[in-house]
Amino acid sequence: MAIEKSKILVLLPAFNEASVIRSVIQGIRNVGYPNVCVVNDGSSDDTLLNALHSGAIVLSHCINRGAGAAAQTGIAYANKHHFPFIIMMDSDGQHLVEDIEKLCFAMENTMADIVIGNRFALQSNAIPNQRIVYNSLANIFTNLFCSKKYSDTQSGFRLLNRKAIENLQLKNRGFGYCSEMLIEAEKNGLQIAETPIQVIYNEYSMSKGQNLFVGFKTAANILWRIVFN
């Protein structure tokens, strides 16, 4: 049975995305997803106003707390309002709204609790070399702490069902939440699947996201949590 679009909360963590947030929200709504939630993570530009004018639900942090904190705020909102599913997408236009159905189809067919959009499964994706190197290192590190091996541990395009929404207790405020989610999901007995997605890299999207320095910092934070938590 197909997942009804009205049962999905599309979650967009956003920090200074004023130039693109309207088009991203409109693209999501144009294909029939009515519930779009922007977590404005302390933006200093017009992200808040542009998101509100586009008809999205907007949750705001007074200061920039990080991508992980924004994700946690959105998940808590979905849990409180009893949404059965969350789609997590980057707010910079990197992901294609048409691929939401791919994640839904994968969840239906694998019975997974979390589905990750895998950018590296399609050769047609023109992924910059520096992102390939970073993500390869991040995959190696993350998979050290997982029983299964995942191909795109840092993908921000994810589908969570109600079981995942209720059971994930994330703490990492930065980009490390991507790895933390997989590690915590396995600890909680959640099933994880991956499915191929398309991705768009341009000068704007390359200015966002993680780099090698942030990656090492992220790895250190995850290791600290695992060893000392």
Side-chain angles (χ1 to χ4, degrees), residues 3-15 17 21 24-25 28 33-43 47-48 51 56-92 94-95 97 99-100 103-104 106-107 112-117 142 146 150 152-195 197 208-210 218 221-222 225 229:
I3 297 174
E4 293 181 22
K5 293 180 178 181
S6 62
K7 293 184 177 180
I8 297 174
L9 179 70
V10 181
L11 174 61
L12 300 172
F15 175 63
E17 303 284 9
I21 196 68
V24 172
I25 294 169
I28 295 167
Y33 296 93
N35 305 305
V36 182
C37 177
V38 174
V39 180
N40 173 42
D41 190 28
S43 298
T47 296
L48 172 62
I57 302 160
V58 181
L59 312 173
S60 284
H61 295 163
C62 294
I63 59 173
N64 178 238
R65 299 179 60 207
Q72 291 164 39
T73 295
I75 292 171
Y77 178 88
N79 195 18
K80 178 180 179 180
H81 293 274
H82 308 289
F83 278 95
F85 302 96
I86 295 176
I87 278 283
M88 303 176 68
M89 298 178 66
D90 290 353
S91 56
D92 58 7
Q94 181 183 142
H95 300 138
V97 294
D99 282 343
I100 294 177
L103 272 66
C104 292
M107 179 170 282
D113 302 298
I114 299 173
V115 177
I116 300 171
T142 304
C146 295
Y150 304 102
D152 195 356
T153 60
Q154 305 308 296
S155 174
F157 201 175
R158 302 178 176 210
L159 172 62
L160 283 61
N161 68 6
R162 186 67 196 170
K163 185 176 179 182
I165 293 168
E166 291 177 343
N167 284 279
L168 286 174
Q169 300 293 326
L170 304 179
K171 297 180 180 179
N172 195 302
R173 293 185 177 184
F175 286 108
Y177 86 93
C178 292
S179 296
E180 181 190 25
M181 182 182 292
L182 302 183
I183 296 167
E184 291 300 311
E186 286 198 348
K187 287 182 179 179
N188 283 280
L190 302 176
Q191 299 301 310
I192 304 167
E194 293 182 283
T195 194
I197 60 166
K208 301 287 182 174
Q210 305 187 62
T218 294
N221 288 337
I222 294 171
R225 272 208 64 207
N229 190 12

Q.
Within this structure, what is the CG-OG1 distance for the pair D41 and T47, rounded to the nearest 0.5 Å?
A. 10.0 Å
Q | Among L182, I192, L11, the one residue meeting side chain to side chain contact (heavy atoms under 4.5 Å, CB included) with R158 | A | L182
Q. For Q191, does the CD atom sit with more than 12 other heavy atoms under 6.0 Å from it, leaving out its own atoms?
A. no
Q: Starting at CG of D99, measure out to CZ of F157 and round the result to the nearest 0.5 Å.
A: 5.5 Å
**Q.** Approximate separation, where rounding is to 0.5 Å, of I8 CD1 and I100 CD1
**A.** 7.0 Å
Q: Would you name the heavy atoms of G117 and S155 that are closest together and state the gap between them?
A: O-OG, 2.7 Å
Q. Roughly how far, to the nearest 0.5 Å, is CD of Q154 from OH of Y177?
A. 9.5 Å
Q. Looking at side-chain heavy atoms only, is the closest gap between L159 and M88 below 4.5 Å?
A. no
Q.
Is any side-chain heavy atom of I183 closer than 4.5 Å to one of C146?
A. yes
Q: State whether the side chain of N188 and the backbone N or O of L190 hold a donor-acceptor pair below 3.5 Å, judged by distance alone.
A: no
Q: Using atom types as modelled and distance alone, determine if a side-chain donor or acceptor of D90 lies under 3.5 Å from a backbone N or O of D92.
A: no
Q) Is there side-chain contact between E17 and V24, with heavy atoms separated by less than 4.5 Å? A) no
Q) Can you check whether F85's main-chain N or O pairs, donor with acceptor, with R162's side chain at less than 3.5 Å? A) no
Q | From N161 atom CG to E166 atom CD, the distance as rounded to the nearest 0.5 Å | A | 9.0 Å
Q. Looking at side-chain heavy atoms only, is the closest gap between L59 and Y77 below 4.5 Å?
A. yes
Q.
Has N35 got a side-chain atom pairing as donor or acceptor with S6's backbone, closer than 3.5 angstrom?
A. yes
Q) Is the backbone N or O of D152 less than 3.5 Å from a side-chain atom of E194, with the two atoms forming a donor-acceptor pair by type? A) yes
Q. For M89 and I28, what are the C-alpha separation, side-chain angles and deciding distance, and is it a side-chain contact (heavy atoms from CB on, under 4.5 Å)?
A. CA-CA 10 Å; M89 298 178 66; I28 295 167; 4.2 Å; yes
Q | Straight-line distance of E184 CD to E186 CD, nearest 0.5 Å | A | 10.5 Å
